[in-house]
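Input: a single structure, listed below in structure tokens.
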Amino acid sequence: MNILCFGDSNTYGYRPDGSGRFDADTRWTGLLQKKLGSNDRIIEEGLCGRTTVFSDELWEGRRGLDTIGILLESHAPVDLLILMLGTNDCKTRYNASAGTIAKGLEQVITKAQKSSSHPFRLLVISPILLAPGVGDPGFDPEFNKGSELVSQNLATEYKKIAARYHADFLDAASVANASETDRQHLDALGHRLLAEAIYKKITTEC
């Protein structure tokens, strides 16, 4: 299989301490590649700040809706699309509910299906939760308590979208937590736990 992993900084492998990117032996995409072996190919498409449909006035090219179609074409044929977006949509500037964010995810899925050269299997992953205090002084002022609440409701809404599109579903928050260091990104243990859960999901539900 060609497996396209489309997500934000937690797919990119951003280090919670801000020192850069985890290496391929640490981030979940690289670990998943090792578990699958050489018969399958992981295509890493994680980008810091990526949203479903919201434009970030500080960073260009962060709308997932704008790039998903291009990536489905450039990486064709894609046999499995893994989508894990939503954390950045919880930023206060967007003032979006979990239901609204899920509608954005649905647009990304629809665009992907229209752009693909052939049908693909889909795995929808609701992201890990924003940890309590993520918006406190010294952490990330782009989030607040409301953001935490929105992130807690994403899994329920995403599961509905997955069912609507006959996709597999995984709640990342059920297997991994945000790092205590920055309260929003996976640490090395989190990447390992998520890789194990995704591997189990895509190999037992083929």
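What you are looking at is a predicted structure, and each value in this text was computed from that prediction instead of being measured. In what follows, every heavy atom counts, from backbone to side chain, and hydrogens, waters and symmetry copies are set aside.
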Hey, does Val108 have a side-chain heavy atom less than 4.5 Å from the side chain of Lys111?
no
Are any side-chain N or O atoms of Asn2 and backbone N or O atoms of Asp79, one a donor and one an acceptor, separated by less than 3.5 Å?
no
Checking Ser126 against Asp171: is there a side-chain donor and acceptor pair closer than 3.5 Å?
yes
Check Glu196 with Arg192, please: is the shortest side-chain N to carboxylate O separation under 4.0 Å?
yes
Reported CG-to-CD distance for the pair Leu58 and Glu142, which is rounded to 0.5 angstrom:
6.5 Å
In Å and rounded to the nearest 0.5 Å, what is the OG1 to CD1 distance from Thr87 to Ile101?
9.0 Å
Taking atom CD of Glu180 as the centre, does the number of heavy atoms from other residues, nucleotides or ligands within less than 6.0 Å exceed 12?
no
Asp25/Lys34 salt bridge by N-O under 4.0 Å criterion:
yes
So, Thr52 and Asp89: side-chain donor and acceptor under 3.5 Å apart, yes or no?
yes
Please indicate whether Lys35 has more than 12 foreign heavy atoms, meaning atoms of other residues, nucleotides or ligands, lying under 6.0 Å from its NZ.
yes
What's the shortest heavy-atom distance between Ile42 and Cys5, and which atoms?
CG2-SG, 3.9 Å
Mind checking what makes ring-ring contact (aromatic ring centres under 6.0 Å, His included) contact with Phe22, not counting sequence neighbours?
His191
Backbone N/O of Asn88 and side chain of Thr51: donor-acceptor pair under 3.5 Å:
no
Would you say the side-chain atoms of Arg62 pair up with the backbone N or O of Cys48, donor to acceptor, closer than 3.5 Å?
yes
Same cluster (ILVMFWY, side-chain, under 4.5 Å), Ile3 and Leu31
no
State, with a plain yes or no, whether a side-chain heavy atom of Trp28 is found less than 4.5 Å away from one of Thr11.
yes
Nearest-0.5 Å distance, CG of residue Leu71 to CD of residue Glu45
4.5 Å
Can you see which heavy atom on Val78 is nearest to which on Phe120, and at what distance?
O-CB, 3.3 Å
Give a yes or no on whether the backbone of Ile202 and the side-chain of Arg121 come within a donor-acceptor separation of less than 3.5 Å.
yes
Grouping I, L, V, M, F, W and Y whenever their side-chain heavy atoms are under 4.5 Å apart, do Ile128 and Leu170 come out in a common cluster?
yes
Is the backbone N or O of Gln113 less than 3.5 Å from a side-chain atom of Ser116, with the two atoms forming a donor-acceptor pair by type?
no
Residues Asp168 and Ala162: closest non-hydrogen pair is O-CB, 4.1 Å
Lys160/Glu157 salt bridge by N-O under 4.0 Å criterion
yes
With sequence neighbours left out, write down each residue that passes side chain to side chain donor-acceptor pair (under 3.5 Å) with Arg27, or none if nothing qualifies.
Glu44
Using the rule that two of Ile, Leu, Val, Met, Phe, Trp, Tyr join whenever any of their side-chain heavy atoms come within less than 4.5 Å, decide whether Val175 and Leu129 are in one cluster.
no
Between CZ on residue Phe6 and CG on residue Leu85, distance to nearest 0.5 Å:
5.5 Å
For the backbone of Ser179 and the side chain of Asp187, can you confirm whether one donor and one acceptor N or O come within less than 3.5 Å of each other?
no
Could you tell me whether Lys91 and Asp140 make a salt bridge, using a distance below 4.0 angstrom between a side-chain N and a carboxylate O?
no
Under 4.5 Å between side-chain heavy atoms, counting indirect links through other Ile/Leu/Val/Met/Phe/Trp/Tyr residues: same cluster for Tyr14 and Ile198 or not?
no
When rounded to the nearest 0.5 angstrom, what is the spacing between OG1 in Thr67 and CG in Leu47?
7.5 Å
Using atom types as modelled and distance alone, determine if a side-chain donor or acceptor of Asn10 lies under 3.5 Å from a backbone N or O of Gln184.
yes
Is there side-chain contact between Met84 and Leu194, with at least one heavy-atom pair below 4.5 Å?
yes
Just wondering, are more than 12 heavy atoms of other shown residues or ligands nearer than 6.0 Å to CG in Asn95?
no
Distance-only, no hydrogens or angles: does the Glu73 side chain make a donor-acceptor pair with backbone N or O of Ser115 under 3.5 Å?
no
Nearest 0.5 Å, what's the CG-CD distance between Asp56 and Glu60?
10.5 Å
Specify the closest pair of heavy atoms between Ile68 and Ala112, including all atoms of both residues, with the distance to one decimal.
CG1-CB, 3.7 Å
Restricting to side chain to side chain donor-acceptor pair (under 3.5 Å), what partner residues turn up for Ser151, sequence neighbours left out?
none
Nearest heavy-atom approach of Leu154 to Pro127 is CD1-CG, 3.8 Å
Which heavy atom of Pro16 sits nearest a heavy atom of Leu186, and at what distance?
CG-O, 3.3 Å
Does Arg63 use its side chain to pair, donor to acceptor, with the backbone of Ser55 at less than 3.5 Å?
no
Chi angles and distances behind the side chain to side chain contact (heavy atoms under 4.5 Å, CB included) call for Tyr12, Arg21
CA-CA 7 Å; Tyr12 172 83; Arg21 186 184 193 186; 3.5 Å; yes
Hey, any chance Ile109 and Ile43 share a hydrophobic cluster, counting ILVMFWY side chains that come within less than 4.5 Å of each other, even indirectly?
yes
